[in-house]
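Okay, so here's the structure we're looking at.
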Amino acid sequence: MVRVYFHIDLNAFFANAEVLLDPSLKGKPIAVSGQTRRSVVSTASYEARAFGVHSAQPLSEALKLCPELEVVTPHFSWYHELSEDFMNIVRSYTDIIEQASIDECYADMTEAIRRFEHPLDLAVQIQKRVLNETGIPCSIGVAPNMFLAKMASDMKKPIGITVLRIREVQSKLWPLPIGDMRGVGKKTVPLMEELGIHTIGDLANYSDPEQLRPVFGKNTESVIRQANGYDERQIVTEWDAKSMGVSETLLEDITDYDEIRGLMRTLSRRLSKRLKESRKSGYSLSVRIRYFDFTSADRSRKLSEPVWKADDLFVQSMSLFDENWDDEPVRLLGISVSDFANDDVFASQLSLFDPVEEAKQETSDVLRELNKELGQGKLTRASELLKKS
């Protein structure tokens, strides 16, 4: 069975994250770096890269190349917050994910892609959601293995989607400089060139693999196979997630309290369903409020009893929200549960009647909304019958 892998890479992540914090930086050459003589560039915006500025470059050298360079001190807690949001978006499509770094991940989308009439629609949807919900653009590589997916995502930046199939390796992959190949570092490139290897195609078709062994050691065979488009690696997932959460980005910023309550109830139901399916309950609940200007308020609460039921999640999350909302327009709401209890605790909480109660609650909520729309009293009799059932 041919699998479908995505490699999703946030474009100029640190630099774009800083633009969210300070919109006046938009369109300017930016370098995220410390401010000492020995500092090196962590990330450069695409405007700065046009001057030759790049990551791992000494800041002093970058300033010579681009005297107008805006040097910004990194805000790592902000980056981790955005990274978490990014990963949660990807997790909403598949659980088979390997986070390669703070701004990139591999995801097995073999099953998820079946739900779309046109396969690339999934990549387009993820790309749009990442931009709309985090404010960060991303590039996506789509391929039958992890190596090709990574190579594909590098081919179009920023905001690109590239499909790389095995049959396209000779035309798309082999002409690339050997330094563009994943796993070939800057120190390795001169060694390759001494052997007459200047492109990935040269490596793929090298006549004497034994000459490569001093460079790649035990990985020699796998590196050559990758150059030919093959990669047997499997995604390494986290065996047990430390938290479970859901979030929703609004199409329009909202300030209406009733709308916020309605969304929080919906999120509570979605999270409850996920927790129940995973047979988990947790002692810690967190709420994320992201405002119209991308600033966020993250608040957590330790609980005396583990929670997983929708009503409990709703009550606790609304309490946290009420304590921390500053009446500003809300762009995103999220809730999560962590500090999981033992499986036997969840089992003891689970009642045979929970599915019935859940169905009755959902029906009651629908009736409540209809009452609001059609006028009070028109469905009172139905509500009474439901309560007696």
Side-chain angles (χ1 to χ4, degrees), residues 81 83-97 99 111-112 133 237-250 257-290 296-325 330 332-369 386-387 389:
E81 184 178 317
S83 176
E84 182 181 341
D85 291 344
F86 160 57
M87 291 302 300
N88 282 336
I89 292 170
V90 181
R91 288 191 186 99
S92 69
Y93 296 93
T94 178
D95 292 328
I96 310 176
I97 298 171
Q99 186 167 1
E111 296 302 323
E133 297 182 27
T237 60
E238 293 182 10
W239 288 105
D240 188 22
K242 295 180 180 179
S243 66
M244 187 175 293
V246 294
S247 63
E248 184 75 29
T249 297
L250 291 308
Y257 188 72
D258 288 336
E259 286 188 57
I260 291 171
R261 281 180 59 88
L263 176 57
M264 197 70 84
R265 186 174 288 280
T266 298
L267 292 173
S268 298
R269 289 200 195 104
R270 282 168 49 191
L271 181 55
S272 176
K273 182 179 179 182
R274 287 189 60 192
L275 287 165
K276 185 177 180 181
E277 290 173 348
S278 302
R279 301 184 66 81
K280 291 184 181 295
S281 59
Y283 286 96
S284 181
L285 182 135
S286 301
V287 168
R288 167 163 295 177
I289 310 168
R290 174 158 295 164
S296 295
D298 292 334
R299 299 293 183 268
S300 299
R301 171 179 293 169
K302 289 288 185 180
L303 307 172
S304 58
E305 297 290 335
V307 294
W308 65 270
K309 293 183 179 181
D311 285 346
D312 296 333
L313 294 170
F314 174 70
V315 170
Q316 294 291 347
S317 59
M318 279 308 304
S319 174
L320 266 178
F321 178 86
D322 290 341
E323 291 174 7
N324 295 283
W325 185 36
V330 173
L332 175 146
L333 277 177
I335 57 175
S336 63
V337 167
S338 58
D339 191 14
F340 293 132
N342 295 329
D343 291 347
D344 55 347
V345 174
F346 176 85
S348 67
Q349 291 180 323
L350 188 63
S351 165
L352 291 174
F353 297 100
D354 282 334
V356 177
E357 293 299 324
E358 184 177 332
K360 287 169 66 177
Q361 181 61 51
E362 290 183 0
T363 306
S364 179
D365 290 337
V366 171
L367 291 173
R368 187 182 300 110
E369 293 301 316
L386 175 69
K387 292 177 181 177
S389 61

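All residue numbers refer to positions in the sequence shown, counting from 1.
Atoms OG and NZ, on Ser278 and Lys273 in that order, are 11.5 Å from each other to the nearest 0.5 Å. The structure places OG of Ser338 at 12.5 Å from OH of Tyr283, a figure rounded to the nearest 0.5 Å. Distance CG/Asp322 to CZ/Arg261: 8.0 Å, rounded to 0.5 Å.
Looking at Trp308 and Lys276, their side chains come closer than 4.5 Å, going by heavy atoms from C-beta outward. Contact annotation: the side chain of Arg270 approaches that of Val246 to within less than 4.5 Å [non-hydrogen atoms, C-beta and beyond].
In terms of the side-chain contact (heavy atoms from CB on, under 4.5 Å) criterion, residue partners of Ser286 (sequence neighbours excluded) are, by chain and number, Ser300, Ser336. Annotation: side-chain hydrogen bond (donor to acceptor under 3.5 Å, both in side chains) contacts of Ser284 (sequence neighbours excluded): none. Qualifying salt bridge (charged side-chain N to carboxylate O under 4.0 Å, His left out) partners for Glu259, counting only residues two or more places apart in sequence or in other chains: none. Judged as a side-chain hydrogen bond (donor to acceptor under 3.5 Å, both in side chains), and not counting sequence neighbours, the contacts of Ser83 are Gln99. Partners of Asp95 under the salt bridge (charged side-chain N to carboxylate O under 4.0 Å, His left out) rule, at least two apart in sequence or in another chain, do not exist in this structure. Here Asp298 pairs with Arg288 under the salt bridge (charged side-chain N to carboxylate O under 4.0 Å, His left out) rule; sequence neighbours left out. A search for side-chain hydrogen bond (donor to acceptor under 3.5 Å, both in side chains) contacts involving Thr266 returns nothing, not counting sequence neighbours. Residues that satisfy the side-chain contact (heavy atoms from CB on, under 4.5 Å) test with Arg301, not counting sequence neighbours, are Leu303, Gln316, Ser319, Leu320, Glu323. Evaluation of the side-chain contact (heavy atoms from CB on, under 4.5 Å) rule for Ser317 yields Met264, Ser268, Leu285, Val287, Ile335 as partners, not counting sequence neighbours. Partners of Phe321 by ring-ring contact (aromatic ring centres under 6.0 Å, His included), not counting sequence neighbours, listed by chain and number: Trp325.
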**Prompt:** Do Leu275 and Phe340 pass the side chain to side chain contact (heavy atoms under 4.5 Å, CB included) test, and can you show the C-alpha distance, the side-chain angles, and the key distance before you say yes or no?
**Reply:** CA-CA 10 Å; Leu275 287 165; Phe340 293 132; 4.1 Å; yes
Worked verdict on Glu111 versus Thr94 for side chain to side chain contact (heavy atoms under 4.5 Å, CB included): CA-CA 8 Å; Glu111 296 302 323; Thr94 178; over 6 Å; no
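The nearest pair of heavy atoms linking Asp311 to Arg265 is OD1-NH1, 3.8 Å. Smallest separation of non-hydrogen atoms from Ala112 and Tyr93: CB-O, 3.5 Å. Of all non-hydrogen atoms in Arg290 and Glu133, the two that sit nearest each other are NH1-O, 3.3 Å. Closest non-hydrogen pair, Tyr257 versus Met318, comes out as OH-CE, 3.3 Å.
With Arg274 contributing its side chain and Gly245 its backbone, the two residues share a donor-acceptor pair below 3.5 Å.
No option in Leu313, Val337, Leu267 other than Leu313 meets the side-chain contact (heavy atoms from CB on, under 4.5 Å) test with Ser272.
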